[in-house]
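What follows is a short report on a single structure.
Letters A, B, ... are given to chains in the order of the sequence lines, protein chains preceding strands, and every chain is numbered from 1.
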2 protein chains.
Amino acid sequence: MGVTKTENFTDKQNAIATLAKALGHPARVAIIDYLLQVDACICGDIVNELPLAQPTVSQHLKELKNAGLIKGNIEGNTICYCIDEHALDKLQSYFANISAKLDKKKQNCC
Amino acid sequence: MGVTKTENFTDKQNAIATLAKALGHPARVAIIDYLLQVDACICGDIVNELPLAQPTVSQHLKELKNAGLIKGNIEGNTICYCIDEHALDKLQSYFANISAKLDKKKQNCC
DNA sequence: AATCTTTATCGTAATATTGCAATCTCAATA
DNA sequence: TATTGAGATTGCAATATTACGATAAAGATT
């Protein structure tokens, strides 16, 4: 059906899935990379950095914003996008936690 | 079109996107959670843990396996799935790196 | 005011994803 | 060898995603 049965999973699982899904496209990973690389959160020249048309980039930015991974501030007629640390912290601690658990376990299988 | 233009992004970006995409569904997050929680890498009772039909779970397992997040060992007529540490380490270091960079930056914007 | 620039939105085509019933495979057991 | 049981695969319907041309909205510039 293409519909995810979110109601049957925990909030935390859904939250991680939403964030991960937002990063589940190379263009969106590239956008995050770029925002990290540029020191100030330079604006819509993201379009020039990516091999995609402007509407497509705009759509990807929207998805990153919806997922909470980036924020956008209007400045005149441009928009200043930047990383939302909160969301990335959530992902970081999720994976750090997993790594810690895996270290303890020391592969008793497979 | 629904086709991702992977050829225009770096290998690293594609690799992260592939891993993230695999975790972009709560059922797959739940599977990882379960595999972590269970001490031995208990097999196909994953199906009983999830609110989804067996073919659907099988499909999600396949996607996790394709992405390299889990491994499966055949044992008689059951299969022992478990987490592939390598992939999760990649994700962990990716996000740790981002967090480190963000800490240095200390939000000079937005 | 007319135009330019930047970004968002709409509409649409192509493809991918999600979910499941029905089946298939194959080892284990009777 | 017939049956059972665990998983995978197939086939399909419903929906989501990706991409882009065309256009809209709105501040900046002339």
Side-chain angles (χ1 to χ4, degrees), chain A residues 1-9 13-14 17-31 34-35 41-67 69-82 110, chain B residues 1-9 13-14 17-31 34-35 41-67 69-82 110:
Chain A
M1 300 161 177
V3 194
T4 297
K5 288 190 157 183
T6 52
E7 67 278 11
N8 293 315
F9 300 97
Q13 286 165 347
N14 282 313
T18 300
L19 291 175
K21 189 175 185 178
L23 284 175
H25 191 291
R28 296 195 288 267
V29 174
I31 289 172
Y34 183 68
L35 287 176
C41 53
I42 300 271
C43 328
D45 42 16
I46 298 171
V47 173
N48 299 320
E49 284 295 313
L50 296 189
L52 294 169
Q54 181 267 323
T56 309
V57 173
S58 185
Q59 199 172 284
H60 283 308
L61 286 167
K62 191 179 172 186
E63 266 165 85
L64 285 170
K65 205 161 84 180
N66 284 342
L69 282 160
I70 63 174
K71 300 180 278 192
N73 269 36
I74 298 171
E75 270 175 25
N77 65 339
T78 62
I79 293 191
C80 173
Y81 278 112
C82 61
C110 299
Chain B
M1 302 161 178
V3 194
T4 296
K5 288 190 159 184
T6 52
E7 68 277 10
N8 294 314
F9 299 98
Q13 286 165 346
N14 281 312
T18 300
L19 292 175
K21 189 175 185 179
L23 284 175
H25 192 291
R28 297 195 288 265
V29 174
I31 290 172
Y34 182 68
L35 287 176
C41 52
I42 301 271
C43 328
D45 41 17
I46 298 171
V47 172
N48 300 319
E49 284 295 314
L50 296 189
L52 294 168
Q54 181 267 323
T56 309
V57 173
S58 186
Q59 196 174 286
H60 283 307
L61 286 168
K62 190 177 171 187
E63 265 165 83
L64 285 170
K65 206 161 83 179
N66 284 342
L69 281 160
I70 63 174
K71 299 180 277 191
N73 269 36
I74 298 172
E75 269 173 26
N77 65 341
T78 61
I79 293 192
C80 173
Y81 277 113
C82 61
C110 297

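Listed by chain and number, the residues in a side-chain contact (heavy atoms from CB on, under 4.5 Å) with A:Q13 are A:F9, A:T10, B:V29, B:A30, B:D33 (sequence neighbours excluded). Applying the side-chain contact (heavy atoms from CB on, under 4.5 Å) criterion to A:E75, with sequence neighbours excluded, gives A:T78, A:C80. For A:I79, the side-chain contact (heavy atoms from CB on, under 4.5 Å) partners at least two apart in sequence or on another chain are A:I74, A:Y81. Not counting sequence neighbours, the partners of B:V47 by the side-chain contact (heavy atoms from CB on, under 4.5 Å) test are B:Q54, B:V57.
Within the structure, the salt bridge (charged side-chain N to carboxylate O under 4.0 Å, His left out) test picks out no pair touching residues 47-61 of chain A (sequence neighbours left out).
Taking CD1 of B:I31 as the start and CG of B:L52 as the end, the distance is 8.0 Å to the nearest 0.5 Å. Rounded to the nearest 0.5 angstrom, B:L61 CG and B:L69 CG are separated by 11.5 Å.
Taken residue by residue, residues 54-66 of chain B places heavy atoms nearer than 4.0 Å to DNA chain C at B:P55, B:T56, B:Q59, B:H60, B:E63. Against DNA chain C, the stretch residues 17-25 of chain B makes heavy-atom approaches under 4.0 Å through B:K21, B:H25.
When each of C:dT15, C:dA8, D:dA8 is scored by its nearest atom to the side-chain atoms of B:I79, the top-ranked nucleotide is D:dA8.
Two residues, A:P51 and B:T78, neighbour DNA chain D, and the one matched to the more 5' nucleotide by heavy-atom proximity is B:T78. Checking A:V47 against A:T6, the closest nucleotide of DNA chain C that is more toward the 5' end is the one next to A:V47.
For B:Y81 and D:dA8, the shortest distance from a side-chain N or O to OP1 or OP2 is below 4.0 Å.
Looking at heavy atoms from C-beta onward, A:T18 lies out of side-chain contact with A:T6 at the 4.5 angstrom threshold. Residues A:H60 and A:L50 are not in side-chain contact: their nearest non-hydrogen atoms beyond the backbone lie 4.5 Å or more apart.
Atom CD1 of A:I31 and atom P of C:dT7 are 13 Å apart (whole Å). Rounded to whole Å, atom C1' of C:dC26 lies 8 Å from atom CG of B:N77. In this structure, B:L50 atom CG and D:dA6 atom C1' are separated by 16 Å, rounded to whole Å. The interatomic distance linking B:N48 (CG) with D:dG5 (P) rounds to 14 Å, in whole Å. Straight-line distance from the CD1 atom of B:I70 to the P atom of D:dA8: 9 Å, rounded to whole Å.
Among the atoms of the strands shown, none is found under 4.0 Å from any heavy atom of B:I74.
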